[in-house]
Amino acid sequence: MNETQDLEKERVRQRMEELRRQIHYHNYRYYVLDSPVISDAEYDRLMRELIELEQRYPEFITPDSPTQRVGGMPAEQFEKVPHPAPILSLANAMNIEELRAWRERVKRLLPAGIPLAYVVEPKIDGLTVVLHYENGIFVRGATRGDGLVGEDVTANLRTIHSLPLRIPPHDAGIAPPPRLVVRGEAYMPVSKFHEFNRRQMETGGQVFANPRNAAAGSVRQLDPSITASRPLSLFTYAIVTAEGITIRTQWETLEYLRRMGFPVFAEAARFEDAQFEELEKYCQEWAEKRDTLDYEIDGLVVKIDDLETQARLGVVGNSPRGSIAFKFPAREATTKLLDVGINVGRTGTLNPYAILEPVQISGATIRKATLHNFDEIARLDVRIGDTVIVRRAGEVIPEIVGPIVDLRTGNERPIEVPTHCPVCGEPVVRRPGEVAIYCINAACPAQLVRHVEHFVSQGAMDIVGFGSRLAELFVEQGLIKDVADIYYLKKEDLLKLEGFGEKKADNLLRAIEESKNRPLQRLIVALGIPGVGSVVAGILADHFRSIDRLASAAEEELQQLEGIGPETARSIVEYFQRPRHREILEKLRRAGVRMAEEVPAERPAAGPLAGKTFVITGTLPHMTREEATALIEAAGGKVASSVSSKTDYLLVGEAPGGTKYNKARELGIPMIDEAELLRMLGKEPAE
DNA sequence: GATCCTCGAGTTCG
DNA sequence: CTCGAGGATC
């Protein structure tokens, strides 16, 4: 009887081993190769069978069982793990010239005649990990730590699905070495990072500044069940120890890792020394496609392929000479938040901005960054004195991503919400349900300056040569007390001002004179009615065709217009009710500013682009965006500011912004360039 | 009432 | 370019 039982048990044990083997293999197909060969349901069935058997026969559970990815108890603290070989840091090449200099240095150090080759791999912005395997089983995983000793995060790393718990994951016809130590990078895919942060925000959990921090924070969790809920992934790229096998080159290393079932960059490339120009081109290409990847890379690693040659080149300082990091221009940097300043906007909003210790990001020195509003400050929990991560949104406008809380000294000062306008000193108000804080003093000089700036700006009355500097000067000198005063500036007054000569005064006065004949739409924009920008102004101009008819319109009539709702209608009526505003209008009329459209603007209903909606991104080669907009509208098309399912074409120029481009790609919206647009219009593409 | 879309407002450096 | 909020639509 005993014997039959033993036999039965042995059969179960074998079945469990078979299940583990199969699950490891399918796991590998799914997470490493990204090409599953069975359905999710079938995979689940295998997994359920294994779990069931393990519950009935716990004595047969092995540490490499796929069910053991999530398991283990929360740790008190991490054990220390000495690394078999120190993890060095790489020297950086900031541009192609420095990369060439590295190659020359390497060649100088080596005896002539040694054939050289290079392997180039993407440098993932994640967390370096060291993985130990004994007889093919994953036994220990450590963080980089200080490079000599890391922290034992085995239980956490187990939860990463692309990390093989057993190698090779299928019968590759090769036996695993008795001991194998590999190095890799754990990271969070960019798409998963955004999704994860969104969820965290909804549930009030911790939000991470970037995928790198998210990966590091997730791997260094004391409770592995938390790590298991984080969408982490892995790439491996180096072998530290491999007992019983000989690997001569980096290229062979990648080959071997791949055969053993590790996730390895498919994009790594090998170049002979004679192909160095191609290597350079390869580096440039990567810099360009950086945004299209689902993992953040901060550069590429260029290694001498031959490992013995690498070793021969030795180490200088803490960096091996045989490899170098080709760094892309940084998009993020850390710096100190020195202070917070406040701007007062045209509408009276108080807008806080950060004053930063100057820092270089993608070729520009950043000294200031917007903080948007005080809710944003609270959300980020930034304080004066904090070390903060700064990024250029869309490669242009600096923004604070968040503070690095770990670097706080305790001397940081919270940012106070102002109760009074920093310019005029009047108390501020906060409207219920709104984020912004307002200075409602109609006579606040800051608001007047902003109003004048807006009035003369390109989209409004477009007075060339009149900018923010002059706006401030005239207000300060008392020459301008409302926007209509612009048309009453006298030459003798201008000449009294510093920096004004005969010619400059004449030029300015001529520009002001010219602006009197702008279309009605521009005048409406220039008034600065809250909620009325160029689009709404266009609707109003088309419908009313004169300021007087607009000024006497009732709320109900306004609301009838498409695109104008109760809020905007109320705002318009309120504007024209104010005696102060009526006065300004009269003053403008007396100055000779055009107040009506003689001929109603005919919008062509038909045309080659009738009914089509375009969105423009990037810089066009031969025309401005305004010119392109005019062309499209003249042909009956529309230009919108953001991509949605209603967009027909995305007009793509040089250096397109990521958001519009990616959204359009997601939605499968056709993309055209300038030449294509001109062809659609039946025109010859520009030379 | 929810959801998608569009508009307005503010924004930095060289 | 990004954000918030108003407007349109179901």
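Naming convention: chains lettered A, B, ... in sequence-line order (proteins, then strands); numbering from 1 in each chain. The figures here come from the full heavy-atom set of this structure, side chains too, leaving out hydrogens, waters and symmetry mates.
Within the structure, every side-chain polar atom (N or O) of A/Asn343 is placed at least 4.0 Å from both OP1 and OP2 of B/dG10. At B/dT11, one or more side-chain N or O atoms of A/Asn351 fall inside 4.0 Å of OP1 or OP2 (strictly under the cut-off). The phosphate of C/dG7 (OP1 or OP2) has a side-chain N or O of A/Thr568 nearer than 4.0 angstrom. For B/dC13, neither phosphate oxygen OP1 nor OP2 lies less than 4.0 angstrom from any side-chain nitrogen or oxygen of A/Thr365. Here A/Thr617 reaches the OP1 or OP2 of C/dC1: one of its side-chain N or O atoms lies under 4.0 Å away. In this model, the phosphate group of B/dC4 is not approached by any side-chain N or O of A/Ser645 to a distance below 4.0 Å at OP1 or OP2. At the phosphate of B/dT12, neither OP1 nor OP2 sits under 4.0 Å from any side-chain N or O atom of A/Arg367. Within the structure, a side-chain polar atom (N or O) of A/Thr347 is placed less than 4.0 Å from OP1 or OP2 of B/dG10.
Between A/Glu332 and A/Asp125 there is no side-chain heavy-atom pair separated by less than 4.5 Å.
Residue A/Glu376 is classed as having no contact, given no heavy-atom separation below 4.0 Å to the nucleic acid.
The cationic group of A/Lys504 lies under 6.0 Å from the six-membered ring centre of A/Phe500 and within 45° of the ring axis, placing it in a cation-pi geometry.
Which of C/dG7, B/dG8, B/dT11 sits closest to the side chain of A/Ser534 comes down to B/dG8.
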TODO: Let me see the working for A/Ile437 and A/Asn373 under side chain to side chain contact (heavy atoms under 4.5 Å, CB included), right down to the final yes or no.
DONE: CA-CA 8 Å; A/Ile437 294 178; A/Asn373 54 58; over 6 Å; no

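A salt bridge links A/Glu567 with A/Arg570: the closest approach of a Lys/Arg side-chain nitrogen to an acidic carboxylate oxygen falls below 4.0 angstrom.
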